[in-house]
Structures are given as C-alpha cells and as structure tokens.
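Report on one structure; see the data block that follows.
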Amino acid sequence: MNGEIAAAERWGIIGHDWAADLLRRSLLHRRQRHAYLISGPPSLGKRALALAFAKALNCEHDDITGRPCGACRSCRAISRGHDPDIIIAKGEDGAPLKIEAIRDVARLLALKPYSARYRIAIFEDFDLVAPQAQDALLKTLEEPAAQAIMIVLASSVERVLPTIRSRAQSIPLRPAPLQLIKAALVARGCDEDRADLVARLSSGRIAWALNAIKDDELLAFRREMLDELREIIEGGRLARIKAAERLSKRVGKDKAALRDILEIWLTYWRDVLLQSHDCPVKPCNSDRADEIRSLAARTSSRDAQDALAATLRTIDALATNANIRLALDALLLEYPGLE
C-alpha cells in the first residue's frame, strides 16, 4: 500500500493509486507494453494518468525509482504540452477522430523519437471513433516500432474493437470516493462547503472536480443548465420543442457538449428519484434541495425513473449516428410534466 501511495503522489494521481502503481512496477521491471487501454467515464482522470505515465517513460532522471521527476527537460516539456515525442490524437470541433488522422499518427509512430526514449501517442475518446477508423490502428498494434507506445483512452471499452482490446493492456478506472475528492479539494484551498458540493456533483470524476474549483464557468454552466431543465419540466409541448431547438443550436454538432448537459440532468433526476423514496442520502445537487423536494412531491418515482432512463438512452445514442435535434425532441417530450 505504501508503494501505491508513493506512486500516486509522485505522479500527481488522485483516486487511482492502484493504476499508478501497476504502471510504476511495469517500469521498474522493464515490462512496459506497447499499447494500453485506459477506460472509464469522462473526466475521471484518464488523460492525467496517460500523461503521468508518458512522463515516467521519458523522464531523464538517472534513478528509475525517481521517475517522473517533474524537473527534467522531458517532464517540463510534457507538462507544457510542447514535447515533440508526445502525440495527442483527438477529433476536431467535437467530432471523433477520422481515419486519415489515425493513419497520420501511425506513420509518426513508425519514426524514431526526436530526443526521448519513446514516441508516445495518446488517442482520446477512442470509443467514439468509427470501427473502420479504429481498424487503421491495428497494423501498428500488431507490428509496433521498438520505441513506440500507444495509449488509448475510452469511456466505454465495449465500443473499442475486440482486436484492439486484445492487443492492449486494459486499465479500467473507477469513480473516486466522495470523501477522497473532497479532501483533495480542501487541500487545494477550497472551503469545506464548496468542496462538499463540488465533490458530490463530480460523481467521482476527479478531473472534473479539480477543474470546477479553478474554473467558475463550469459551475455557472451547471446552474444555467439546471435552470433550463426546470423550465422544460414546467413548460408545455411547444416550450419543450423550442427548448430542444435552442439547445441543439447551442451545441451544434458537438455531441460531447450535449453529453455534458445530459450528465448534469442525470444528477438532478437521480436526486429526484432518491427524494421520491424518502432516501436519507444527501442530494448530489445539495444547493437545490428545496427545489428537488418540491418536484419529488409532484412527480411519481416511476416518472423520475423513466426520465432517468430516457436521459441515459439519449447519452448512449450520442455514441451512434443519432441526430442531435431529433434526440433532444424525443427526450424533452418524454420528460414528466406534460398533460
């Protein structure tokens, strides 16, 4: 356990001690793989773990047990996002990675590193990539260059091709405990009440929580979207259709942006469902406790459960070719409140 804690602290990882220790031990024994699949819900810390591992792989510190040191040229370059041997592969304007982009990264991985031990490619949101585009990575996985390492990040491993899953070491991350996140926020200067609210809202997503205490826009956006949801619930059919139009224009073609909104609504419907059963658990949206109690008193537990299920189905549909406007129309008309 002490080794796990030491690895997590050195790597700056919160809530995923076992994963940091697993990767640390692979370095110590020089048994690192050519490909890794780090999975878990959005904003859980997958990218932070991948970058910390990249630092440890290319750190210039003489003692391998002291990597990543955080002070060498390589560690500092990765922290600044300016290391030519680290390739961050992600889609543009909210769209998934295209096959041409994956082929370009594969070509770069075949070349020798500029100055580091390894050339490392981190593929973000790979589960949203079309199967044909995912398949473009297969040859690189089957015949990797000696100094190439691939780290695939995915919210859902089920949407990653089995041929890719079988060739990568799987590292499934889980939500961090509420009290651990709260303690981490307080340690960074956040007051107790705000830390408690943010930790509850995070649903175990440490990356989201850390961003929320640094960026007021995240909580302001959450308040705006909960106000929008309240108007939708109180509004009639025409008001809901207009709300769907308004939201679809706001997110455009960015399905990730819509998913962020629906994730906020999920926490609200969970709170309503728990309140409808008189659950003593403190609501996630604790600053809206009175509002949630009022809605739960007017809404059956079945309605709240149906709204929760409909929101989850819509989130799942965003991983397919679902039309954003049509998906929103269907979802808002399914929410309770309409006569």
Side-chain angles (χ1 to χ4, degrees), residues 4-5 7-23 36-56 68 70 75 78-81 86 88-91 94 96-97 120 122-128 151-157 170-190 194-222 225 254-267 284-285 315 318-319:
E4 293 183 14
I5 294 173
E9 288 179 350
R10 179 177 293 280
W11 288 30
I13 300 300
I14 301 170
H16 308 304
D17 300 353
W18 71 270
D21 186 61
L22 174 72
L23 295 172
Y36 295 85
L37 172 56
I38 303 177
S39 61
S43 300
L44 201 63
K46 300 187 295 294
R47 192 175 193 268
L49 179 62
L51 287 172
F53 185 40
K55 285 182 183 179
C75 285
I78 294 174
S79 294
R80 293 194 304 265
I86 306 298
I88 306 295
K90 60 181 179 180
L97 269 168
I120 302 166
I122 300 173
F123 297 88
E124 295 193 2
D125 298 320
F126 205 74
D127 51 316
L128 302 182
I151 305 176
V152 174
L153 310 183
S155 295
S156 171
V157 293
S170 178
I171 303 178
L173 303 186
R174 298 289 180 263
L178 184 151
Q179 291 303 321
L180 180 63
I181 294 179
K182 180 180 177 180
L185 300 183
V186 170
R188 284 160 175 76
C190 188
R194 181 180 172 87
D196 183 72
L197 174 62
V198 171
R200 292 181 185 280
L201 292 174
S202 72
S203 299
R205 299 170 297 161
I206 184 63
W208 185 92
L210 292 174
N211 285 333
I213 64 169
K214 292 185 291 186
D215 184 1
D216 290 338
E217 287 298 316
L218 280 177
L219 292 183
F221 175 72
R222 170 243 174 197
M225 289 302 102
D254 190 348
K255 292 184 177 181
L258 179 56
R259 184 174 60 194
D260 289 342
I261 295 172
L262 298 184
E263 292 282 357
I264 293 170
W265 291 358
L266 269 182
T267 66
C284 175
N285 298 281
I315 290 174
L318 294 178

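Remember, it's a predicted structure, so these values are computed and weren't measured experimentally. Only this structure's heavy atoms are used, side chains among them; waters, hydrogens and symmetry mates stay out.
Classified by interplanar angle (parallel below 30°, tilted 30° to 60°, perpendicular above 60°), the ring pair W11/F53 is parallel.
For D254 (side chain) and A257 (main-chain N/O), a donor-acceptor pair under 3.5 Å exists by modelled atom type. Proximity of a side-chain donor or acceptor of K46 to a complementary backbone N or O of P172 within less than 3.5 Å is not detected.
Between S156 atom OG and D125 atom CG the span is 12.0 Å, to the nearest 0.5 Å. The CD atom of E124 sits 11.0 Å away from the CD1 atom of I38 when rounded to the nearest 0.5 Å. Note that OG of S79 and CG of L51 are 8.5 Å apart. Values are rounded to the nearest 0.5 Å. Here CD of E263 is found 4.5 Å from CD1 of I315. Values are rounded to the nearest 0.5 Å. Distance check: L44 CG to S155 OG gives 9.0 Å after rounding to the nearest 0.5 Å. If you take NE2 on H16 and CH2 on W18, they are separated by 9.5 Å, rounding to the nearest 0.5 Å.
With contacts defined as side-chain heavy-atom distances shorter than 4.5 Å, the pair P96/K255 does not qualify. Proximity of K182 to C190: side-chain heavy atoms (C-beta onward) are nowhere separated by under 4.5 Å. In this structure, L201 and C284 have side chains that are in contact, with non-hydrogen atoms separated by less than 4.5 Å.
When every heavy atom of I14 is checked against every heavy atom of R188, the shortest pair comes out as CD1-NH2, 3.4 Å. Shown here for A19 and I171, the closest heavy-atom pair between the two residues is CB-CG2, 3.8 Å. Considering every non-hydrogen atom in both R47 and I88, the closest pair reads NH2-CG2, 3.7 Å. Between A50 and I122, the shortest heavy-atom distance links the atoms CB-CD1, 3.9 Å. Taking every heavy atom of both residues into account, A154 and D127 meet most closely at CA-OD1, 3.5 Å. Among all heavy-atom pairs drawn from K55 and C75, the shortest one is CE-O, 3.8 Å.
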> Could you walk me through whether L49 and I151 pass the side-chain contact (heavy atoms from CB on, under 4.5 Å) check?
Replying inline: CA-CA 10 Å; L49 179 62; I151 305 176; over 6 Å; no
>> Checking N285 against R222 for the side-chain contact (heavy atoms from CB on, under 4.5 Å) test, could you report, in this order, the C-alpha distance in whole Å, the side-chain angles of both residues, the deciding distance, and whether it holds?
In response: CA-CA 10 Å; N285 298 281; R222 170 243 174 197; 3.0 Å; yes
Less than 3.5 Å apart, which donor and acceptor atoms pair up between the side chains of residues 208-218 and the rest of the protein, not counting sequence neighbours?
unit_1 : atom_1 : unit_2 : atom_2 : d
N211   : ND2    : A207   : O      : 3.2
D215   : OD1    : E217   : N      : 3.0
D216   : OD1    : R194   : NH2    : 3.4

